[in-house]
Amino acid sequence: MKSSGPGPREKGKDLLQIRNLHVEGFSDERWHPIVHGVDLTLKRGQVLGLIGESGAGKSTIGLAAMGYAKPGCRITQGSVLFDGIDLLAVNEKGRRRLRGSRIAYVAQSAAASFNPAHRLLEQTVETAVAHGIAGREEANRSAVDLYRRLQLPEPETIGFRYPHQVSGGQLQRAMTAMAMACRPDLIIFDEPTTALDVTTQVEVLASIRNIVEEFSTAAIYVTHDLAVVAQMADRIMVLRHGRTVEEADTRQMLASPSQEYTKTLWAVRKLAKPEVPADDYLLTIDNVTAAYAGKVKVLQDVSIKVPRGRTVAVVGESGSGKSTLARVVTGLLPPISGSISFAGRLLSTGLKTRPKEVLRRIQMIYQMPDNALNPRQTVEEVIARPLEFYLGLKGARRDRRIGELMHMVEMSEDFLERLPGELSGGQKQRVCIARALAADPELIICDEITSALDQIVQEEILKLLIRLQRELGMSYIFITHDIATVRAIADEIVVMHRGKVVEQGLKSEVLTPPHAAYTERLLSSVPEMNPDWLTRLLASRKI
Amino acid sequence: MNPVARTVLQRLGLGLVTLFIVSIIIFSAIAMLPGDFAKATLGQSATPETVAAFQREIGIDRPPVERYFVWVAQMLHGDFGSSFASRTGYRRTVAEIIAPRLYNTMFLAAVTALIAVPLALGLGILAALYRNGWFDRLVNVATLTTISFPEFFVAYMLAYLVISRDTFIGSDFAQTLPHWLTVSLNWALNAVPKFPTLSNVNDQTPFWEHLWKVALPAITLTLVIVAHMMRMTRAAIINMLASPYIDMARLKGMSPIVIVLRHALPNAWAPIVTVVAFNLAYLIVGVVVVEVVFVYPGIGQLMVDAVKSRDVPVVQACALIFAATYILLNLLADVISIATNPRLLHPR
């Protein structure tokens, strides 16, 4: 592909003007304000980054720029002027004519936002054909051209695949192609890389940035990741609780944020526990090979040692076998070969043959507390279960222990009567931690437990885990794809790639050069706050 | 092997196993029925010797296990056995008794399906499109009303409506109404086609006449089954409308009708075809009441008669046909569900 490079953009007149936007959402039988009077101006060819924690209203504002409110939301006040047309004043038909053709949308989860029943190409050209912008032949040719520009593999034929047949990163690029199909004036990118691995994210970010520059398309880039927005946006707007905190040019915003809240956002990524070298090993995984249904090997000859009272972070992109490792240790997936010993004794491979006492000593916490908690059980019932099952506690002793556990995870006992649906994401994860602690374990496996949380909540959970480890002395196996989390919590690091251990050792050893090739790639893919980071990285990789 | 072909073969094999188990259940259930054909035919005054001789003649003196295997073996050769109504020198095979009745039932089921399935799908799609609007409510209330009445009641009401066409104007009731109302009601009734209220057909009845004669039973059955299919279509589509890809389609500027037909419906087939299959099976195995009301010689009536006269081979064959119908239609529904799922059809 021949890129025209980051040429000067034809910036000029205002393309989008949002004035005094108010949006409400319906929950608990009434309407709550989500966005309170936000103003926003976007010039042609400009990229504006919207940033904030979840609930800040950034996605809602992005959608409102298309005159759209999600089901369960409504725009109550304000105006959205797109190229002189008030999207809130014209009728639905008028808005439909603009959507897809002049304002396009790229969603967070491409896997969920592509229709599973149709081929990629059909979906890419759908708007162009339906709006009569191009004939099918012409649209198909143009789509192939876009696939090529976005560096999708086999651009000629990839369009004939179904969404489930391509990878997440490719889908996200295909969705960008779909948005580009009608050469819109404005694209709303709604967290397009949040669901991707860092290594994939770099490629998608580069593709998006190239194509947006090439066609000098204006864009609103919604994300919670500061380092990402620093690469993509000309200007940044910080949002909180549906209000604008501040807005400035990217470099100025990064160099000298004026508001206190923005500064706290900037400071979040600095948590780092000092590493402590190991003296005694609790769990030893020896040459383990595992596979699902006898097919492809997901783990190959993996050997890992987990020291007592320390944290081993297992890092790698999706498909590297990190979660499978957790399943093997817990006994959910018996390995084909290899052995695991725990506290000096060989563990039996299958779950059913492990004595209750061994089950008790190894606990697990999952990524999605929503799935891991029974929505019909109160917090009290959730925590009481392991107390009764493993320790046989009953009555007043059990209740006292529940109180202690709640105290340990820094939650008030008022929450005991609540159902999981009445808790926030961070609170739910705390309940899961309390449940794991209830069994009085020696090893806790944490599988991406902070990935679904906001940065600020993430930090609180990580601090909690570090404190609990210091007080109770259990070991963690911490599975994650996020390097910042690794820096925060690990003593030792295991880097995995395609089912194999690439590198392992103390945090300081693994994180300082020289690295194994894959570790290098993984570490260099973690976005940095510097707005020139992506450009430099791409330049260095091309050599 | 292609995973779809493998799944289909698996289901087919499973269907055969099910059919085999069902055949055992049918056989034992009927063997446990009180009374026997010999006693029922010969009457109470028959001597034990006559009864025994008659039992030997039709073969029910053998132990049940032996009779079961003889029955299954015969069927595997395509022979459904002889009716107990056979006499020496005058053999009536079960096949020849059932064949015309089965044809009639299939005919009625096919006609009903051709009306009911497109109607239910169309109404369901429109109801989903205009959900919570007046059209949606109207269709829901109407179909719920028709499903809430017993079949025979719907059948008699329809028959009564057709008859009123001729009798209304001369009735006492018509005299008590204001003249203008009588006239307009009469005019409306005359718009009702003069469907036959008796569906007596035989194997000589020409096709078009047959079609004409099953009009009322077909309408009755349509009214009975349409609600279930329509509501499932509506629910399945509305369920899909909450998906992120539907939001995406809206943001691509697609119109509501395109969203429902192109983006929601292709993903909603699985639950819809399951319910359609269930209702089509009902058209074959559950229509005895409607057959009785319209005196239509279908297989339901045949089975009831055969049970009354303890004609075991006929009862068994009917029951087995019903079971096979259910299994086959459900198999078909499974196959369609698989065929409309690109994940299975086009593996990675």
Side-chain angles (χ1 to χ4, degrees), chain A residues 59 62-63 65-73 92-120 122-133 160-167 175 178-179 181-182 184 187-188 190, chain B residues 1-4 6-7 10 121 125 128-133 136 233 235-273 335-348:
Chain A
S59 291
L63 288 173
M66 305 182 77
Y68 185 79
K70 277 205 175 128
C73 292
E92 188 59 27
K93 215 171 168 181
R95 282 194 287 266
R96 269 211 301 272
R97 231 188 345 262
L98 294 176
R99 283 181 198 152
S101 57
R102 296 195 61 199
I103 317 175
Y105 181 75
V106 175
Q108 171 171 5
S109 167
S113 297
F114 268 111
N115 192 323
H118 300 295
R119 295 172 196 273
L120 293 178
E122 280 171 61
Q123 302 192 52
T124 308
V125 303
E126 187 178 13
T127 309
V129 174
H131 286 339
I133 293 167
F160 296 105
R161 298 202 205 155
Y162 283 90
H164 69 274
Q165 292 174 309
V166 304
S167 73
M175 179 159 283
M178 182 159 87
C182 298
I187 300 185
I188 316 293
D190 193 352
Chain B
M1 188 160 55
N2 182 318
V4 175
R6 193 171 61 215
T7 318
Q10 259 174 13
L121 292 183
I125 289 168
L129 193 58
Y130 301 112
R131 57 194 172 283
N132 305 329
D136 183 24
T233 307
I237 290 177
I238 289 180
N239 198 13
M240 288 299 141
L241 290 181
S243 320
Y245 55 78
I246 297 294
D247 267 332
M248 191 67 215
R250 292 195 184 108
L251 291 169
K252 280 165 77 181
M254 296 296 121
S255 62
I257 185 84
V258 170
I259 287 176
V260 164
L261 290 182
R262 196 190 295 160
H263 289 277
L265 191 58
N267 294 296
W269 281 123
I272 297 174
V273 289
V335 171
I336 294 177
S337 300
I338 294 165
T340 55
N341 185 344
R343 278 169 198 278
L344 295 172
L345 212 53
H346 308 273
R348 296 182 71 107

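By convention in this document, chain letters (A, B, ...) are assigned in the order of the sequence lines, proteins followed by strands, and residues within each chain are numbered from 1. Computed from heavy atoms alone, side chains included, the values below leave out hydrogens, waters and symmetry copies.
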Checking heavy atoms, do the side chain of [X], its backbone, both or neither come under 4.5 Å from chain B?
X	value
A:Leu63	side chain
A:Ala104	neither
A:Arg119	side chain

Contact leader toward chain B among [options], where contacts are heavy-atom pairs under 4.5 Å:
options	result
A:Lys93, A:Arg96, A:Met175, A:His118	A:Arg96
A:Ala117, A:Ser113, A:Ala181	A:Ser113
A:Pro116, A:Cys182, A:Ala107	A:Pro116

Open item on the list: Do B:Pro256 and A:Glu92 make a side-chain contact, defined as non-hydrogen atoms from C-beta onward lying under 4.5 Å apart?
Closed with: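 No; the side chains remain at least 4.5 Å from each other.
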Task: A:Gln123 versus B:His263, side-chain donor and acceptor atoms under 3.5 Å - done: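 No, no side-chain donor-acceptor contact under 3.5 Å.
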Open item on the list: Among B:Leu251, B:Asn267, B:Ile246, B:Thr340, which residue has the highest count of heavy-atom pairs closer than 4.5 Å to chain A?
Closed with: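 With the most close heavy-atom pairs to chain A, the winner is B:Leu251.
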Task: Candidate pair A:Glu126 and B:Arg262, rule side chain to side chain contact (heavy atoms under 4.5 Å, CB included), full reasoning - done: CA-CA 11 Å; A:Glu126 187 178 13; B:Arg262 196 190 295 160; 2.5 Å; yes
- [ ] Taking all heavy atoms of A:Tyr105 and all of B:Met248, pick out the closest pair and write down the distance.
- [x]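 So the minimum-distance heavy-atom pair works out to O-CE, 3.0 Å.
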Open item on the list: Test your reading of the model: is there a side-chain donor-acceptor pair from B:Lys252 to the backbone of A:Met178, 3.5 Å cut-off?
Closed with: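 Not a single qualifying donor-acceptor pair exists.
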Open item on the list: Between A:His164 and B:His346 (side chain of the first, backbone of the second, donor and acceptor by atom type, cut-off under 3.5 Å), is there such a pair?
Closed with: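 Yes: the side chain of A:His164 pairs with the backbone of B:His346.
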